[in-house]
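One structure below.
Order of appearance sets the numbers: ligands from 1, and atoms from 1 within every ligand.
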Amino acid sequence: MAQDYYDALGVSRDADEDEIQSAYREKAAKYHPDVSDEEDAEEKFKEIKRAKEVLTDDEKRRMYDQMGHEQFERAAKRGATDEGAGGAGGMGGMGGMGGADMNDIFDQFFGGGAGGGRGRGRGGPQPGRDLQTRLDVDLEDAYHGVEKEMTVRRPEQCPDCEGAGHPPGATAETCPQCDGQGQTTRVQRTPFGRMQQTQTCQRCDGEGQLYDETCSTCSGEGTVREEATLTVEVPAGIRDGQTLRMGGEGAAGEPGAPQGDLLIDVSVADHPDFERDGDDLHYKHAVSFPQAVFGDSVEIPTFEGPVEMDVPGGTQSGETFRLRNKGMPRLRGRGQGDLYVEVHVVTPDSLNEEQREALEAFAEAGGEDIDVEQGFFEKLKNSF
Ligand code: ZN
């Protein structure tokens, strides 16, 4: 066996990661036990796999270069807590591995602060992500509250591997990168000293194990995107831009972990007749001049059906009247907002003969001397 991983892969000591990866692929194709007839194929294959693993990990490669092959592997073996790991995983979090000489070796590289990763153990299975979607409702739905069916495409647990990402029969091997811990500890030198950072192992995604097979249905993701039809309860009084949260309707989590939530941004459409201001509604109602003068009872539409409203005599155009508790229901509260009715007096743009005479008499009786434009009346006359 080669006593050097660079030799094993046939790359130079300053080879970059791409070179190492492609050298590995080339060698792996040659020595993979499934395809190779060579006697020591399996040994060779293990060696190049290990070589790639060490040399494509910046931290390990740095240590390998500094320690040399023998010392590095000896340290790694002692660091390994699981049979078969055969890796330098112990370097990730070696707080619990004990052995004075081990610590001595690592102290050279990490200083005394190493080892915090252990004890916390794996972070546990990751819960699913929250997903966000949008729902359009109209104002009347927002008034009454509504149940809406909606379809969301979301990651659901893969039915074939039950979220594991590998077939049930796949063979597991302890992840050599993290030594089965599911997380790695990285120590960085900073102007403030050595900073230690624990993160999920990228090699095994925190699982601590690697599998020889990947689920073909989900490509190892553990989830597949599926359409789900949900019934959303939109509460009465919902406002435009508010977000509803449906617990457990987001993306699937890792096996054993909860699903994320679904966040639904509700968009309330504008209404042609009502303008909303918080829980209040505004409505414009047209009355005739005589109605404004004499007063009248008028019908105002609401989402509960029409209601009667008294327009008092002498109402000015633009005057606003309040109908209490005829606005939008208060979300998660009691009662309703108010409905404000702005009364507009409509000026007729055409009059029949009778109306014209009456209006002229009205003006005259009030002492008004109106210089009526002749053309205007000609036009009016002609139109009847
Ligand atoms: Zn699957």
*Measure from the Zn ion (ligand 1) to each N, O or S atom of H166 and report whether any distance is below 2.8 Å.*
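Not a single backbone or side-chain N, O or S atom of H166 is under 2.8 Å from the Zn ion (ligand 1).
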*Residue from E147, M246, M150 passing side chain to side chain contact (heavy atoms under 4.5 Å, CB included) with T231*: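 Considering E147, M246, M150, a side chain to side chain contact (heavy atoms under 4.5 Å, CB included) with T231 is found only for E147.
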If you measure only the distance, is there a donor-acceptor pair under 3.5 Å linking the side chains of [X] and [Y]?
X    : Y    : result
Y6   : D14  : no
E308 : S297 : yes
E73  : Y5   : yes

_Angle subtended at the Zn ion (ligand 1) by C158 SG and C218 SG, rounded to 10 degrees_ =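 An angle of 110° at the metal.
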_SG (C161) - the Zn ion (ligand 1) - SG (C215) angle, nearest 10°_ =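 About 110°, to the nearest ten degrees.
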